[in-house]
Amino acid sequence: MVMVNIKKVRSEQLGQNDKPDFFTITGCINFFKRENIFYPACPSESCNKKVVQMGDSWRCEKCDMSYEKPQYRYIMSLSIADHTGTIWIQMFNDQTQELLGISADDLQNLDKDSAQFKEIFNKSLYNTFTFSIRAKSEIYQDEKKV
């Protein structure tokens, strides 16, 4: 993977083509979106699809099964910055769990206004990390997004 800065990502329009672009950026996290950071997922080993609560159980349409409880999984949006600018990225379950040091199930059980919940995010803010990124253009709600 090629190491780039954010200015180069923008100037070369990485992720705008038909095929995804892969690159690495070293930057610091300057903001976490703390809304919709996880979703209830199918607890089946190979599924991970979103489940819907139906009464006392959770239903997975893909597996055609109902479960007592879901397994929460991360899907987190965050802003990273380097000396040339900022970009938004999305991190998924395994990477977010490694970054925050807590599973989505455990974080989901905490009060969002508690000092413990806030500290989990604050310990990663303004620290430098190296991110391996796959940028791809997709249509979302009739709008092209990378």
Side-chain angles (χ1 to χ4, degrees), residues 1-7 9-10 14-16 19-146:
M1 256 191 259
V2 178
M3 179 72 79
V4 297
N5 60 37
I6 293 170
K7 183 178 180 181
V9 170
R10 294 195 189 286
L14 297 178
Q16 300 282 343
K19 293 184 179 181
D21 290 311
F22 297 87
F23 53 90
T24 303
I25 292 178
T26 297
C28 71
I29 299 170
N30 62 351
F31 186 78
F32 287 100
K33 278 191 182 175
R34 296 188 190 180
E35 305 84 36
N36 303 319
I37 58 176
F38 37 71
Y39 66 95
C42 179
S44 172
E45 190 78 21
S46 60
C47 184
N48 300 330
K49 292 290 184 186
K50 186 174 183 177
V51 293
V52 182
Q53 190 168 18
M54 301 183 90
D56 290 343
S57 65
W58 295 82
R59 178 91 180 138
C60 177
E61 294 299 322
K62 181 182 177 195
C63 295
D64 194 26
M65 301 267 305
S66 291
Y67 299 94
E68 183 179 317
K69 66 180 187 167
Q71 176 186 6
Y72 284 87
R73 296 183 59 82
Y74 288 113
I75 183 164
M76 171 119 26
S77 294
L78 54 132
S79 174
I80 59 173
D82 68 9
H83 66 286
T84 65
T86 63
I87 60 170
W88 283 93
I89 64 170
Q90 204 165 45
M91 288 177 59
F92 297 97
N93 194 65
D94 295 344
Q95 295 76 24
T96 306
Q97 185 169 324
E98 184 178 332
L99 177 74
L100 298 180
I102 187 171
S103 73
D105 276 328
D106 291 341
L107 186 64
Q108 188 270 338
N109 288 324
L110 296 176
D111 176 3
K112 289 181 175 52
D113 293 324
S114 72
Q116 184 182 8
F117 185 91
K118 292 173 185 173
E119 180 58 28
I120 288 167
F121 289 93
N122 289 342
K123 69 182 179 185
S124 297
L125 275 176
Y126 308 112
N127 288 315
T128 301
F129 299 94
T130 299
F131 299 91
S132 297
I133 297 176
R134 178 181 72 94
K136 183 180 177 200
S137 178
E138 296 177 342
I139 303 295
Y140 179 73
Q141 295 182 344
D142 296 327
E143 190 176 323
K144 186 176 180 179
K145 300 220 179 210
V146 177

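These numbers come from the heavy atoms of this one structure, side chains and all, not from hydrogens, waters or symmetry mates.
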Between Ile87 and Ile25, is any pair of side-chain heavy atoms under 4.5 Å apart?
->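 Ile87 reaches Ile25 side chain to side chain.
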Non-hydrogen side-chain atoms of Phe121 and Leu107 separated by less than 4.5 Å | yes
For [Y], is there any backbone N or O sitting under 3.5 Å from a side-chain donor or acceptor partner on [X]?
X	Y	value
Tyr74	Ser103	yes
Asp82	Ile6	yes
Arg10	Thr86	yes
Lys123	Leu100	yes

Stepwise side-chain contact (heavy atoms from CB on, under 4.5 Å) check, Tyr126 with Asn30 | CA-CA 6 Å; Tyr126 308 112; Asn30 62 351; 3.9 Å; yes
Straight-line distance of [X] [atom1] to [Y] [atom2], nearest 0.5 Å:
X	Y	atom1	atom2	answer
Lys118	Leu125	NZ	CG	13.0 Å
Phe131	Gln95	CZ	CD	11.0 Å
Arg134	Gln90	CZ	CD	10.5 Å
Ile75	Lys33	CD1	NZ	11.5 Å
Phe22	Leu14	CZ	CG	12.0 Å
Phe129	Cys28	CZ	SG	9.5 Å

Between [X] and [Y], what is the shortest heavy-atom contact and its length?
X	Y	value
Met3	Thr26	CE-OG1, 3.5 Å
Asn93	Arg73	OD1-CA, 3.2 Å
Ser66	Arg59	OG-CD, 3.4 Å
Gln71	Cys42	OE1-O, 4.3 Å
Phe117	Lys112	CD2-O, 3.4 Å
Asp21	Gly15	OD2-N, 2.6 Å

Should we count [atom1] of [X] as having more than 12 external heavy atoms under 6.0 Å?
X	atom1	result
Glu68	CD	no
Asp111	CG	yes
Asn127	CG	yes

Test side-chain contact (heavy atoms from CB on, under 4.5 Å) applied to Thr96 and Ile37, step by step = CA-CA 10 Å; Thr96 306; Ile37 58 176; over 6 Å; no
What do the steps show when you test Cys60 against Ser44 for side-chain contact (heavy atoms from CB on, under 4.5 Å), and what is the final call?
-> CA-CA 9 Å; Cys60 177; Ser44 172; over 6 Å; no
